[in-house]
Amino acid sequence: MVLMFTSLFGPPADSSLPADSKKKKDYQASIVSFQAVYLNTDADSAAGGSGSTSCAAAELSPPLDVSVQMKFESLSEDDVLVDPHRKLPTLSFWLNRNNYNSQQALLWCLTRCDVEQLCSIADLRDADSAGFFSCSLYSDSRVCGAYDKPLRRPCRLLLDRPANNTYSKKVDLSGPVKSFYERVSFQKMVSYSVRSRVSLRENTPLSEGFMECERRCDEDPCCRGIGFVRDTKSPAGLDVVCVSLISLGVQTCGDDVMTTWRTQDCSPSAVKTTPDPFGWYQKPVNQWSSSPALCPPFNLPTTTNNVSLDRWRLLTDSSVLVDPSVSTYDVIHVSRDIAADGDKTRDWCLHACQEAESCVAVSLSEAGSATRCVLYPDTTACGLSSAPGLSSPASSSCRLLIREPAPQVYLRTERLPSVPSVSVPGHGTLQGDVVETALGSDRKSVVQFLGVPYARPPIGSLRFKAAQPANWTGSWDATKPRPSCIQPGDEESSSSSEDCLYLNIFSPAALVTFIYLFIDSLSEVRCFVF
């Protein structure tokens, strides 16, 4: 007698039932839990009833084959990471000892795992209730960490109890590759989730090792891509490693990106991805797991600050001009498997731009199985006609130049007050101004604080004396210039005076959060811009 307790896997991958049994199969597959199950554990009753023999015969079919053990390997306690608080998807059975001895029960458990597509671990134990074996089947629960974990970190299976008569299904590397793996044209994965890491066996040709890496991903329903890379900091120096990925996460530093401006760190790392076949590869989207709930979860990395859309403006088509010659840009791909929520993906890309001081615009589009984010510095140009590169003196419109079309383009803005104010410690508040100025054909917003005193006026009793620290307090009007210092031959006027120890401070509006002055001495004035 075999009793199924909890089914989270669904029916076996290669199960076949007659047409008249289809309705029954669909019903059984929908069962996910029981509130209570009661068993008659009386050995005499179990062995004596008229239905006992027929039940046993039914459950022993198909015949148990000893060779199934060759498809599995025994696990030790060192192979398993135990987390008793982790609730894992499990398919459980109880096998009556009157129908199975320990070897038969093990073969039955392994055979059942073998036919379940998502089963990777089979665990056979004595049930708490006398007279039964407990067979528990688990999907692959390995997670070796993510991009911030060392490449050489070991990968262990996760279980809620120590290994004891526990077996793991071997990966079948024979046969042709089942999927076409497309190379991802990025040098770095700044965020990804690792399933397993396997070093290439010594003296194994690269072509054979690459095929084995593809086959490992083929056999794992949760695998969405591979990294076939060289670990330059491994003990051997240049170990070739196959990294199976649950998610490719966030990809940066494109191989084919011809740009003169980057926001991401593309400096060389311990992982070398060139030349071919080294690099990152993605499994076709239609080959991804049909049961994603059984795969370990992985999400976008958290951001340090929240993104406020008040600081961004969604541009209309008339405010954007596509110019393929634009050479100042950076590209980030965010895999859709970790960013199904479009708003979260958008905010993540906007945050990446906010972290780069010179980034002012972001375009978003779909590219294969990823969201493509292109980041730009200020590429605004004014007086452009509809054709790139042609200017029209009569036109005063300004547009943001982007190198490729995108359905969404966001421009970074600063919500500055009409009269910006800055607090100066020990003095008071400077009241400044925002002005627009021409820079070639462009127009830029500039924050300015004019006539800011950095010392007391050198007049009266202070004339020809060492300058004294400024002593102004309260609110200072910094919207107008003060007189310049009198030069030899000048006469004192409204534009020049002995009272001339003032500074004019300017900053691009898009970069300023606040400005403050710190005056160390009369000969040194420091201006900090953040």
Side-chain angles (χ1 to χ4, degrees), residues 143-153 155 182-197 217 223-233 241-274 278-283 296-307 328-342 344-359 361-377:
V143 178
C144 302
Y147 64 99
D148 56 346
K149 302 296 188 298
L151 185 70
R152 292 162 292 281
R153 181 182 178 183
C155 298
E182 182 179 3
R183 186 182 176 94
V184 177
S185 60
F186 287 88
Q187 302 170 30
K188 288 190 175 182
M189 308 288 114
V190 298
S191 171
Y192 56 85
S193 179
V194 177
R195 171 72 111 184
S196 66
R197 297 183 178 93
C217 194
C223 180
R224 288 173 171 165
I226 59 173
F228 195 68
V229 298
R230 284 188 182 274
D231 178 10
T232 59
K233 292 187 178 180
V241 182
C242 171
V243 184
S244 297
L245 303 174
I246 298 172
S247 171
L248 274 75
V250 180
Q251 306 143 41
T252 65
C253 304
D255 286 327
D256 55 355
V257 174
M258 304 300 293
T259 177
T260 59
W261 177 83
R262 287 190 187 274
T263 63
Q264 307 298 306
D265 179 14
C266 293
S267 58
S269 65
V271 176
K272 299 297 183 182
T273 62
T274 54
F278 300 114
W280 307 97
Y281 294 81
Q282 181 171 277
K283 180 191 285 188
F298 185 68
N299 301 308
L300 271 171
T302 56
T303 56
T304 54
N305 299 301
N306 294 328
V307 171
T328 51
Y329 65 97
D330 201 2
V331 179
I332 299 175
H333 270 202
V334 181
S335 298
R336 204 167 302 129
D337 59 271
I338 64 169
D341 187 325
K344 288 184 178 180
T345 307
R346 174 203 62 204
D347 290 352
W348 197 92
C349 292
L350 296 182
H351 180 270
C353 182
Q354 287 178 183
E355 291 297 292
E357 188 177 83
S358 56
C359 181
V362 178
S363 69
L364 298 132
S365 58
E366 302 301 320
S369 61
T371 297
R372 181 176 175 87
C373 309
V374 185
L375 282 61
Y376 297 93

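We're numbering straight along the sequence, starting at 1.
For S335 (side chain) and G249 (main-chain N/O), a donor-acceptor pair under 3.5 Å exists by modelled atom type. Using a distance-only test at 3.5 Å, with no hydrogens or angles considered, a donor-acceptor pair links the side chain of T259 to the main chain of Y329. Under a 3.5 Å cut-off, the side chain of K283 and the backbone N or O of C223 do form a donor-acceptor pair. Between the side chain of K188 and the backbone N or O of S267 there is at least one donor-acceptor pair closer than 3.5 Å. T345 contributes a side-chain N or O that, together with a main-chain N or O of D341, makes up a donor-acceptor pair within less than 3.5 Å.
We find the OG-CZ distance between S244 and R224 to be 13.5 Å, quoted to the nearest 0.5 Å. Rounding to the nearest 0.5 Å places CD of Q187 at 8.0 Å from OG1 of T252. Here the CZ atom belonging to R346 is positioned 14.0 Å from the NE2 atom belonging to H351, to the nearest 0.5 angstrom. Atom SG of residue C373 and atom NE2 of residue H333 lie 8.0 Å apart, to the nearest 0.5 angstrom. The line from CG of D347 to OG1 of T303 is 8.0 Å long, rounded to the nearest 0.5 Å. Taking OG of S193 as the start and CG of D337 as the end, the distance is 9.0 Å to the nearest 0.5 Å.
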* side chain to side chain contact (heavy atoms under 4.5 Å, CB included) assessment of L375 paired with V362 -> CA-CA 5 Å; L375 282 61; V362 178; 4.2 Å; yes
* Can you check side chain to side chain contact (heavy atoms under 4.5 Å, CB included) on F186 and L248, steps first, answer last? -> CA-CA 11 Å; F186 287 88; L248 274 75; over 6 Å; no
* **Derivation of the side chain to side chain contact (heavy atoms under 4.5 Å, CB included) call for W348 and V250** => CA-CA 10 Å; W348 197 92; V250 180; 3.7 Å; yes
* Could you give me the CA-CA distance, side-chain angles and deciding distance for D231 and V229, then say whether side chain to side chain contact (heavy atoms under 4.5 Å, CB included) is met? => CA-CA 6 Å; D231 178 10; V229 298; 5.8 Å; no
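Counting heavy atoms from C-beta on, the side chains of D255 and R183 come closer than 4.5 Å. Counting heavy atoms from C-beta outward, C217 and R195 have side chains that stay 4.5 Å or more apart. Contact check for I332 versus Q264: side-chain heavy atoms found under the 4.5 Å cut-off.
Taking each heavy atom of T263 and A356 in turn, the nearest pair found is CG2-CB, 3.7 Å. Across all their heavy atoms, T328 and Y376 have their closest contact at O-CD2, 3.6 Å. The shortest heavy-atom contact between S191 and P301 is OG-CD, 3.4 Å. Between Y192 and L245, the shortest heavy-atom contact is CD1-CD2, 3.8 Å. Nearest heavy-atom pair, S369 versus Q282, reported as atom, atom and distance to 0.1 Å: OG-NE2, 2.7 Å. Across every non-hydrogen atom of S196 and C155, the tightest pair is CA-SG, 3.6 Å.
Sequence neighbours left out, the pairs with a member in residues 364-377 that pass salt bridge (Lys or Arg N to Asp or Glu O under 4.0 Å) are R336-E366, R372-E404.
Counting heavy atoms of neighbouring residues, nucleotides and ligands inside a 6.0 Å radius, atom CD of E182 does not exceed 12 of them.
Classified by interplanar angle (parallel below 30°, tilted 30° to 60°, perpendicular above 60°), the ring pair F228/F278 is parallel.
Using a 3.5 Å distance cut-off with no hydrogens or angles, the side chains of W261 and S358 do pair a donor with an acceptor.
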